[in-house]
Protein chains: 2
Amino acid sequence: MELTRRLTDAAEKLFDRYGYTATGMDRLTKAADMSSRTLYKHAGSKAQLMAMVLSERDKRFLCRTDVKSVEALFDALKDWTATEGARGCLFLRALGETGGDTPEITAAVEAHKAAFAARIGDIVAMDIGRDDPLLTEQIIVLFEGAAHAAIYRGNGAVDAARVAAAALVKAART
Amino acid sequence: MELTRRLTDAAEKLFDRYGYTATGMDRLTKAADMSSRTLYKHAGSKAQLMAMVLSERDKRFLCRTDVKSVEALFDALKDWTATEGARGCLFLRALGETGGDTPEITAAVEAHKAAFAARIGDIVAMDIGRDDPLLTEQIIVLFEGAAHAAIYRGNGAVDAARVAAAALVKAART
DNA sequence: GTAAATGTAAAACGATCACTTTACATGTAG
DNA sequence: CTACATGTAAAGTGATCGTTTTACATTTAC
């Protein structure tokens with residue numbers, strides 16, 4: 001549906017820019033250019049709308065990080081922040097704003113983070129030719145850290161993360 | 001003032017647990033056991049209250065990370081999450097919830113992150129005997145990443161970060 | 001031709017928001 | 001004795017919250 005896509009696209013921008021709780025439904029209806037009746041017919045509730053937004057974002061993230069090396073992963077992160085800005089992980093922010101008390105949101109965050117961790121594990125395995133749980137955890141930490149440190153440190157944080165990741169990968173390969 | 005401390009302590013817990021925007025003033029007055037009149041006399045506004053909370057938290061953070069080595073830094077992080085839980089950086093969460101549009105909060109976050117980066121720089125310098133901007137940036141990223149990945153990966157994220165940090169420090173020392 | 005589906009605009013819902021005010025109690029300093 | 005500072009409880013401020021409803025227009029399908 002074109003309407004649903006228009007809604008989730010507008011909602012993602014507003015939630016990301018102003019926060020989930022601080023974004024009111026009237027602002028959402030205006031941005032998506034639809035009546036509140038239609039919004040509720042398509043989304044059900046504000047929490048479900050956020051869950052839809054997170055699900056779309058998860059898909060987009062997995063597309064953008066469909067890469068074969070750890071270095072390419074951090075290039076992808078740099079692309080992301082360049083095109084969409086660096087405001088931290090929208091999933092963790094939504095979880096924090098709702099205290100984990102909103103089931104739809106909590107479920108969407110858990111699904112994304114599981115997929116994210118699996119994706120990193122795959123990239124690490126492709127890069128060094130075998131599974132490596134510790135290196136995977138370290139790359140997860142470096143990626144998450146770069147995404148959040150970039151908020152106040154800028155691109156330098158992503159660069160530092162990539163260099164660190166490359167050193168760890170090199171050490172793991174030998 | 002004992003009252004002010006009682007207020008900021010209660011507010012920090014509520015903001016951390018439920019989020020800044022989702023925490024109402026009546027919940028705050030009840031938790032601090034004071035009238036709203038007294039709350040406003042001491043805090044001025046909700047945004048100023050959050051700024052006070054962040055300022056207190058900044059002090060506590062700097063006390064807890066008054067260490068001399070990078071390894072001790074990650075031990076301190078593990079202590080922190082063990083005693084206070086892992087819900088991500090309250091400063092970045094407050095910034096995200098307000099979209100950077102609340103001056104008192106934005107200022108408190110910037111002050112803390114500047115102090116944090118300086119602290120990491122000091123620890124790195126003490127550990128390897130000289131300044132190292134790249135290593136400092138990498139430790140910032142690892143610390144920030146461990147704090148956020150710990151939300152969904154648990155203590156393993158902090159352990160992985162410490163091991164990675166130790167390897168980077170060792171490489172920088174030789 | 002008519003009924004269902006899908007949309008709009010706009011009013012109304014009760015609840016809650018951050019914040020202020022009124023009215024009153026208490027201790028304390030000049 | 002008085003005056004002020006500091007606190008409480010509770011009602012009231014207008015605005016905004018997420019959500020539902022009413023009333024009506026348009027398109028699609030049998």
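Sequence lines set the chain letters: A, B, ... in the order given, protein chains first and strands last, and positions in each chain run from 1.
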Salt bridge A/Lys78-A/Asp75, side-chain N to carboxylate O under 4.0 Å = no
Can you tell me if [X] has over 12 outside heavy atoms packed within less than 6.0 Å of its [atom1]?
{"X": "B/Asp131", "atom1": "CG", "answer": "no"}
{"X": "B/Glu71", "atom1": "CD", "answer": "no"}
{"X": "A/Glu84", "atom1": "CD", "answer": "yes"}
{"X": "A/Asn155", "atom1": "CG", "answer": "yes"}

Round to the nearest Å and state the distance from [X] atom [atom1] to [N] atom [atom2].
{"X": "A/Lys41", "N": "D/dT22", "atom1": "NZ", "atom2": "P", "value": "14 Å"}
{"X": "A/Tyr40", "N": "C/dT8", "atom1": "OH", "atom2": "C1'", "value": "17 Å"}
{"X": "A/Glu2", "N": "C/dG7", "atom1": "CD", "atom2": "P", "value": "11 Å"}
{"X": "A/Leu3", "N": "C/dT6", "atom1": "CG", "atom2": "P", "value": "11 Å"}
{"X": "A/Leu39", "N": "C/dG7", "atom1": "CG", "atom2": "P", "value": "12 Å"}
{"X": "B/Phe15", "N": "C/dA18", "atom1": "CZ", "atom2": "P", "value": "9 Å"}
{"X": "A/Arg27", "N": "D/dT16", "atom1": "CZ", "atom2": "P", "value": "11 Å"}
{"X": "B/His42", "N": "D/dG7", "atom1": "NE2", "atom2": "C1'", "value": "9 Å"}

Candidates [options] - which lies nearest the side chain of [X]:
{"X": "A/Met25", "options": "C/dC19, C/dT8, D/dG18", "answer": "D/dG18"}
{"X": "A/Asp26", "options": "D/dC17, C/dT8, C/dC19", "answer": "D/dC17"}
{"X": "B/Met34", "options": "C/dC19, D/dT8, C/dT8", "answer": "D/dT8"}

Under 4.0 Å between any heavy atoms, over every strand shown, what does B/Thr29 touch: base, sugar-phosphate, or nothing? Just pick one.
-> nothing
What nucleic acid atoms does B/Ser36 come within less than 4.0 Å of, heavy atoms only: base, sugar-phosphate, or nothing?
-> base
Quick one: does A/Arg37 reach the base of D/dT22 with a side-chain donor-acceptor pair under 3.5 Å?
-> yes
